Amino acid sequence: MLTFLMLLIIGCFLCLFRVAMGPTPPDRAVAIDTIGIMVVGICAIFGIVTGQDFYLNVAIAWALLAFIGTLALAKYLEGRGFDE
Amino acid sequence: MNSGVVPYILISIGVFFDLVGAIGLLRLPDVYNRLQAATKCVTLGTCLILVGVLVHSGWNAMGIKALLAAVFVLWTSPTGSHALARGAHIAGVPLWERSVVDKYREDTGH
Amino acid sequence: MDTLKRRLLDFTIIFGLWLLLTWSLDWQGLIVGAILAVLIAFFLSGLLPEKAGRLFSPVRWFWALVHMALLSFWIIVANFDVLYRVVHPNLPIRPGIVKIKTTLKSDQAKAFLANSITLTPGTLTVDVIGDSLYVHWINVHERLEDTEAMTRDIAGRFESTLRRVFD
């Protein structure tokens with residue numbers, strides 16, 4: 001289980017490279033959205049490792065917030081051209 | 001409840017596809033292709049991890065929450081990626097230079 | 001279906017979700033959940049669309065299950081497709097945004113069609129305007145002007161089951 005956790009964290013860091021490199025704002029938004037969904041998986045595996053079910057509550061709340069954050073970012077991108 | 005090796009198989013396949021999604025995010029050339037790889041792979045990967053948690057723990061509080069989270073991810077992840085693709089196109093992000101066709105720009109002028 | 005019945009259905013759905021999430025039959029939890037469900041169901045504008053009576057049709061539920069099975073199969077195919085394209089050293093992609101026409105009528109059916117298209121091999125819905133869908137396709141085939149063939153390739157898998165579920 002800890003191996004899976006390590007691999008998922010490596011995946012999150014790969015996404016962070018995309019956040020850092022860009023090159024456009026939507027690329028960063030996509031990478032942040034991807035990290036958000038991966039963290040749901042990390043929380044679920046944490047739940048198995050520790051045997052505590054409240055990590056799954058964290059996972060559900062995180063999925064909700066990641067979705068709403070993605071929608072907010074998308075609406076923000078629609079409102080403005082990024083060469084301005 | 002401990003049902004042997006099945007949850008480990010599900011979780012390892014899920015983690016594998018999550019990593020494929022992350023690599024696709026790094027390798028593909030423009031934001032739309034990256035969205036494709038990231039959405040498909042990370043959705044299936046995370047859903048498989050959550051189903052693995054369900055199989056591992058059985059039908060108790062943890063398993064039910066994992067199932068709800070899986071349904072929720074499966075429902076919202078394509079919606080979010082659709083919103084991001086539309087937002088990126090309206091914000092003026094160009095397609096990759098070797099793209100073939102862009103009907104959306106022809107029809108709506110964004 | 002009149003408003004009161006729809007609100008009662010809303011209440012049932014929200015309270016059921018509360019029961020699943022808390023997973024206990026403690027009486028204090030039940031009371032708090034019931035109060036919250038009443039507040040949400042009767043004082044907000046409602047969750048369900050007008051034709052919520054369809055929720056009780058077993059035929060529609062059967063076709064929804066068929067659609068889920070079909071969708072699961074294509075999701076797995078899509079993941080191996082992405083795996084092939086990502087690990088291939090030459091990146092075998094030929095992307096573009098194409099336009100397809102759908103024959104589905106209701107908004108829910110179009111929304112589910114767009115989500116299903118996003119999860120299937122090589123396609124991503126960018127926008128839905130009226131009955132035309134703009135789809136980013138990672139491997140556009142040769143006949144660019146042939147809307148019918150592209151519609152068959154992209155949406156044809158799901159339209160028949162979704163029509164039986166929603167229309």
Side-chain angles (χ1 to χ4, degrees), chain A residues 1 3-5 7-8 10-15 17-18 21 23-27 29-31 33-45 47-48 51-57 59-64 66-84, chain B residues 7-8 11-12 14-16 18-26 30-32 34-35 37-39 41-43 45-50 52-54 56-57 60-66 68-70 72-73 75-77 79-94 110:
Chain A
M1 281 298 164
T3 321
F4 296 144
L5 219 47
L7 286 172
L8 275 180
I10 288 170
C12 283
F13 271 98
L14 290 179
C15 294
F17 273 119
R18 182 46 74 193
M21 290 194 293
T24 63
D27 286 299
V30 172
D33 179 40
T34 309
I35 291 177
I37 304 175
M38 277 190 192
V39 168
V40 175
I42 292 181
C43 288
I45 295 182
I48 288 188
Q52 303 269 342
D53 63 357
F54 66 80
Y55 280 107
L56 271 300
N57 296 353
I60 291 175
W62 196 294
L64 279 164
F67 175 56
I68 293 176
T70 305
L71 287 189
L73 276 172
K75 278 290 161 198
Y76 172 68
L77 288 171
E78 278 181 28
R80 106 194 211 286
F82 76 80
D83 49 353
E84 292 163 8
Chain B
Y8 291 90
I11 292 176
S12 53
V15 170
F16 173 71
D18 267 7
L19 283 175
V20 170
I23 293 168
L25 198 64
L26 280 178
D30 74 354
V31 64
Y32 308 99
R34 285 177 198 142
L35 258 177
T39 307
C41 286
V42 174
T43 305
T46 304
C47 284
L48 280 180
I49 292 174
L50 290 164
V53 172
L54 170 67
H56 183 86
S57 64
N60 53 21
M62 195 155 143
I64 292 289
K65 280 171 194 163
L68 283 175
F72 191 78
V73 167
W75 200 311
T76 59
S77 159
T79 314
S81 74
H82 153 71
L84 271 177
R86 186 162 176 270
H89 206 292
I90 290 177
V93 181
H110 292 312

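All chains are named by letter (A, B, ...) in the order of the sequence lines, taking the proteins before the strands, and each is independently numbered beginning at 1. Being a predicted model, the structure only gives us computed values, none of them experimental.
Chain A forms the most heavy-atom pairs under 4.5 Å with one residue out of B:V31, B:D30, B:L68, and that residue is B:V31. The candidate with the highest count of non-hydrogen atom pairs below 4.5 Å against chain B, out of A:L64, A:T3, A:V40, is A:L64. Taking chain A as the reference chain and counting heavy-atom pairs below 4.5 Å, the highest number among B:L26, B:D18, B:V73 is found for B:L26.
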Next item on the list: With side-chain contact (heavy atoms from CB on, under 4.5 Å) as the test, would you mind laying out the steps for B:L19 and A:L7 before giving the verdict?
Entry: CA-CA 8 Å; B:L19 283 175; A:L7 286 172; 4.0 Å; yes
Margin query: With side-chain contact (heavy atoms from CB on, under 4.5 Å) as the criterion, how do B:I23 and A:L14 come out once you've worked through the C-alpha distance, each side chain's angles and the decisive distance to 0.1 Å?
Written below: CA-CA 7 Å; B:I23 293 168; A:L14 290 179; 4.1 Å; yes
Checklist line | Derivation and outcome, side-chain contact (heavy atoms from CB on, under 4.5 Å), residues B:M62 and A:I48 | finding: CA-CA 9 Å; B:M62 195 155 143; A:I48 288 188; 4.0 Å; yes
Checklist line | Test side-chain contact (heavy atoms from CB on, under 4.5 Å) applied to A:M1 and B:I11, step by step | finding: CA-CA 9 Å; A:M1 281 298 164; B:I11 292 176; 3.7 Å; yes
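Using a 4.5 Å cut-off between heavy atoms, A:I68 makes no contact with chain B at all. The part of B:T46 that comes within reach of chain A is its side chain, from C-beta onward, which places non-hydrogen atoms under 4.5 angstrom from that chain. Both the backbone and the side chain of B:V42 come within contact range of chain A, judged by heavy atoms closer than 4.5 Å. With a 4.5 Å cut-off on non-hydrogen atoms, A:D33 touches chain B through its side chain but not through its backbone.
Interatomic distance, A:I37 CD1 to B:T43 OG1, rounded to the nearest 0.5 Å: 5.0 Å. A distance of 11.5 Å separates CD1 of B:I64 from CG of A:D53, quoted to the nearest 0.5 Å. In this structure, A:L71 CG and B:L84 CG are separated by 8.0 Å, a value rounded to the nearest 0.5 Å. Here the CZ atom belonging to A:F54 is positioned 10.0 Å from the NZ atom belonging to B:K65, to the nearest 0.5 angstrom.
Screening A:I42, A:L8, A:I10 against B:V15 for a side chain to side chain contact (heavy atoms under 4.5 Å, CB included) leaves a single residue, A:L8.
No side-chain heavy atom of A:I60 sits less than 4.5 Å from a side-chain heavy atom of B:F72. You'll find the side chain of B:L50 reaches within 4.5 Å of the side chain of A:L56, heavy atoms only.
Here the closest non-hydrogen pair linking A:G11 and B:A22 is O-CB, 3.7 Å. Here the shortest heavy-atom pairing between B:L25 and A:C15 reads CD2-SG, 3.6 Å. Between B:Y8 and A:F4, the shortest heavy-atom distance links the atoms O-CZ, 4.0 Å. Annotation for A:T70 and B:G80: closest pair CG2-O, 3.8 Å, computed over non-hydrogen atoms. Pairing each heavy atom of A:G41 with each of B:I49, the nearest pair is O-CG2, 3.9 Å.
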